[in-house]
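Structure, as structure tokens:
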Amino acid sequence: MAVPKVNEKLLEDLEEMGFPQARAIRALYYSGNTSLEDAINWMIDHWNDNDIDEMPLVDVDIDIETSSEAFPITDEMRIKAQKLREQERKRRQEEEKRQEREREKERIQAGKKLLEAKRIAEENERNRNLALRKAEKEEEKRAREKVLQKLEQDKLNRRHKQGLPLEGLATVRSSAIGTQEKKPKPAYTTAQVEHLRECLRNLKRNHPSEHARVRRAFETLLVYVGNVAKNPQEEKYRKIRLSNPLFQDRVGSLNGGVEFLELCGFERMGDFLCLPHEKVDTSLLNSAGFLLHSAMANPFFGVLSIPN
């Protein structure tokens with residue numbers, strides 16, 4: 001395959017008129033290589049061909065007679081050539097505009113993606129900051145509650161050491177019970193709290209040489225009252241089998257252990273100690289827990305007589 005031979009004079013004239021060489025050769029070859037007018041008319045008819053600017057290739061055996069005879073360029077040819085050049089110019093302008101529109105679309109899409117990524121990053125940052133501030137506020141709240149709890153407990157300890165009544169202070173958040181909720185105003189009386197305290201004193205006095213056993217009893221009682229105070233709806237915490245070996249070893253066999261639970265509201269029902277749901281007094285249980293905690297923390301509890 002080779003580039004076909006065309007009339008050199010016609011090719012030169014077409015190139016002078018502004019046509020690319022490949023297009024001029026293609027037009028001359030396919031129009032018969034006879035005249036400028038035929039070549040220009042062929043270009044007009046095939047203007048939208050995709051391969052119009054590609055160099056044509058033919059078999060090497062095919063040859064077209066060429067002539068050096070001059071062909072006159074008429075005004076009509078010039079007008080047609082001018083129209084073709086104008087069409088080509090417009091086509092290139094439209095193609096450039098189309099490409100520019102495509103590039104602009106791509107820039108817009110890239111800008112939108114960048115803005116969306118930035119928005120997501122900013123939103124994630126805001127969420128992290130909100131979560132951090134929330135955690136800080138919760139930590140501050142817990143710290144304030146601990147301080148208030150410590151102040152209330154210190155106040156209750158001072159009243160206890162001075163032998164003052166505890167009525168009105170039973171809403172203390174007992175660390176022994178472990179609750180963080182505010183308790184309602186107690187329905188019990190100072191006498192009930194004093195009975196609980198006296199029961200614990202007697203339990204310790206009745207077993208003067210069994211300090212470890214008494215402490216274990218206090219710890220077990222604290223678990224019982226604490227579970228009910230934190231879970232008043234759970235029946236399993238409000239029911240104790242009297243014949244349970246573990247209960248008998250730690251509480252039941254000590255003089256005053258069962259009595260303390262009864263003062264907290266438990267009732268004997270056959271082989272069980274039960275605390276009816278409607279009789280659960282959370283405030284009383286909290287005070288009982290505080291008294292147990294104090295009894296374990298104070299080495300002189302039950303040893304010295306504290307006036308009422």
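Basis for what follows: all heavy atoms, side chains included, without hydrogens, waters or symmetry-related copies.
What you find for Arg241 and Phe247 is that their closest heavy atoms are O-CD2, 4.0 Å. Across all their heavy atoms, Ala27 and Trp42 have their closest contact at CA-CE3, 3.5 Å. Considering every non-hydrogen atom in both Leu242 and Gly270, the closest pair reads CD1-O, 4.1 Å. Summarising the geometry of Leu203 relative to Gly257, their closest heavy-atom pair is CD1-N, 3.6 Å, with the distance given to 0.1 Å. Nearest heavy atom pair, residue Arg238 against residue Val280, reads CD-CG2, 3.7 Å. Of all heavy-atom pairs between Asp249 and Leu254, the closest is O-CD1, 4.2 Å.
By the side chain to side chain contact (heavy atoms under 4.5 Å, CB included) test, Glu96 pairs with no residue at all, sequence neighbours left out.
Residues Pro20 and Arg23 have side chains in contact (heavy-atom distance under 4.5 Å, counting atoms from C-beta outward). In this structure, the side chains of Leu28 and Ile25 stay at 4.5 Å or more apart for every pair of heavy atoms. Two residues are said to be in side-chain contact when any heavy atoms from C-beta on lie closer than 4.5 Å; Val258 and Phe266 fail this criterion. Residues Ser243 and Gln248 are not in side-chain contact: their nearest non-hydrogen atoms beyond the backbone lie 4.5 Å or more apart. When side chains are defined from C-beta on, Leu263 does not count as touching Leu284, because their heavy atoms never get closer than 4.5 Å. In this structure, the side chains of Asn202 and Asn255 stay at 4.5 Å or more apart for every pair of heavy atoms. Side-chain contact check for Met269 versus Lys239: every heavy-atom pair is 4.5 Å or farther apart. Considering only heavy atoms from C-beta on, Leu221 comes within 4.5 Å of Val251 through its side chain.
Ionic pairing of Glu116 and Lys113 is not present here: no N-O contact between side-chain nitrogen and carboxylate oxygen is shorter than 4.0 angstrom. Note on Glu194 versus Arg197: salt bridge recorded, some NZ/NE/NH1/NH2 to OD/OE distance being below 4.0 Å. Of the charged side-chain nitrogens involved, none lies within less than 4.0 Å of a carboxylate oxygen, so that Lys137 and Glu140 do not count as a salt-bridged pair. Salt bridge Lys90/Glu94: absent, no basic N to carboxylate O contact under 4.0 Å. Between Arg128 and Glu123 there is no salt bridge, since no side-chain N of the basic residue sits under 4.0 Å from a carboxylate O of the acidic one.
With rounding to the nearest 0.5 Å, the separation of NZ in Lys279 from SG in Cys264 is 14.0 Å. Here SG of Cys274 is found 7.5 Å from CD of Glu235. Values are rounded to the nearest 0.5 Å. For the atom pair OH of Tyr30 and CD1 of Ile52, the computed distance is 11.5 Å after rounding to the nearest 0.5 Å. With rounding to the nearest 0.5 Å, the separation of CD in Glu262 from CG in Leu275 is 11.5 Å. With rounding to the nearest 0.5 Å, the separation of CG in Leu291 from NE2 in His293 is 11.5 Å. One finds the CD atom of Glu106 at 10.0 Å from the CD atom of Glu104 (value rounded to the nearest 0.5 Å).
Gln99 and Glu95 share a side-chain donor-acceptor pair at under 3.5 Å.
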Derivation and outcome, salt bridge (charged side-chain N to carboxylate O under 4.0 Å, His left out), residues Glu100 and Arg107
CA-CA 10 Å; Glu100 180 61 27; Arg107 285 195 294 269; 3.0 Å; yes
Please assess Arg98 against Glu102 for the test side chain to side chain contact (heavy atoms under 4.5 Å, CB included), listing each intermediate value before the final yes or no.
CA-CA 6 Å; Arg98 185 189 66 79; Glu102 291 297 327; 4.1 Å; yes
Candidate pair Tyr224 and Ile240, rule side chain to side chain contact (heavy atoms under 4.5 Å, CB included), full reasoning:
CA-CA 9 Å; Tyr224 284 135; Ile240 304 172; 3.8 Å; yes
Does the side chain to side chain contact (heavy atoms under 4.5 Å, CB included) test come out yes or no for Leu14 and Met43, once each step is laid out?
CA-CA 11 Å; Leu14 287 174; Met43 281 191 282; 4.1 Å; yes
Carefully, step by step, assess Glu145 and Arg142 under the rule salt bridge (charged side-chain N to carboxylate O under 4.0 Å, His left out).
CA-CA 5 Å; Glu145 288 178 348; Arg142 288 193 293 267; over 6 Å; no
Verdict with supporting geometry, Met296 and Leu222, side chain to side chain contact (heavy atoms under 4.5 Å, CB included):
CA-CA 10 Å; Met296 289 185 289; Leu222 182 60; 3.7 Å; yes
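Formation of a donor-acceptor pair under 3.5 Å by the Asn33 side chain with backbone atoms of Asn7 is found in this model.
His195 NE2: 12 or fewer foreign heavy atoms inside a 6.0 Å radius. Summarising the local packing, CD of Glu234 is surrounded by more than 12 heavy atoms from other residues, nucleotides or ligands at distances under 6.0 Å.
Under the 4.5 Å side-chain contact rule for hydrophobic residues, Val223 and Val225 do not share a cluster. Under a hydrophobic-cluster definition in which Ile, Leu, Val, Met, Phe, Trp and Tyr are linked whenever side-chain heavy atoms come within less than 4.5 Å, directly or via other members, Ile44 and Leu10 are assigned to the same cluster.
Within the structure, salt bridge (Lys or Arg N to Asp or Glu O under 4.0 Å) contacts touching residues 33-52 (residues at least two apart or in different chains) are Arg26-Asp51.
Cluster note: Leu151 groups with Val147 through ILVMFWY side-chain heavy atoms spaced under 4.5 Å, whether in direct contact or through intervening members.
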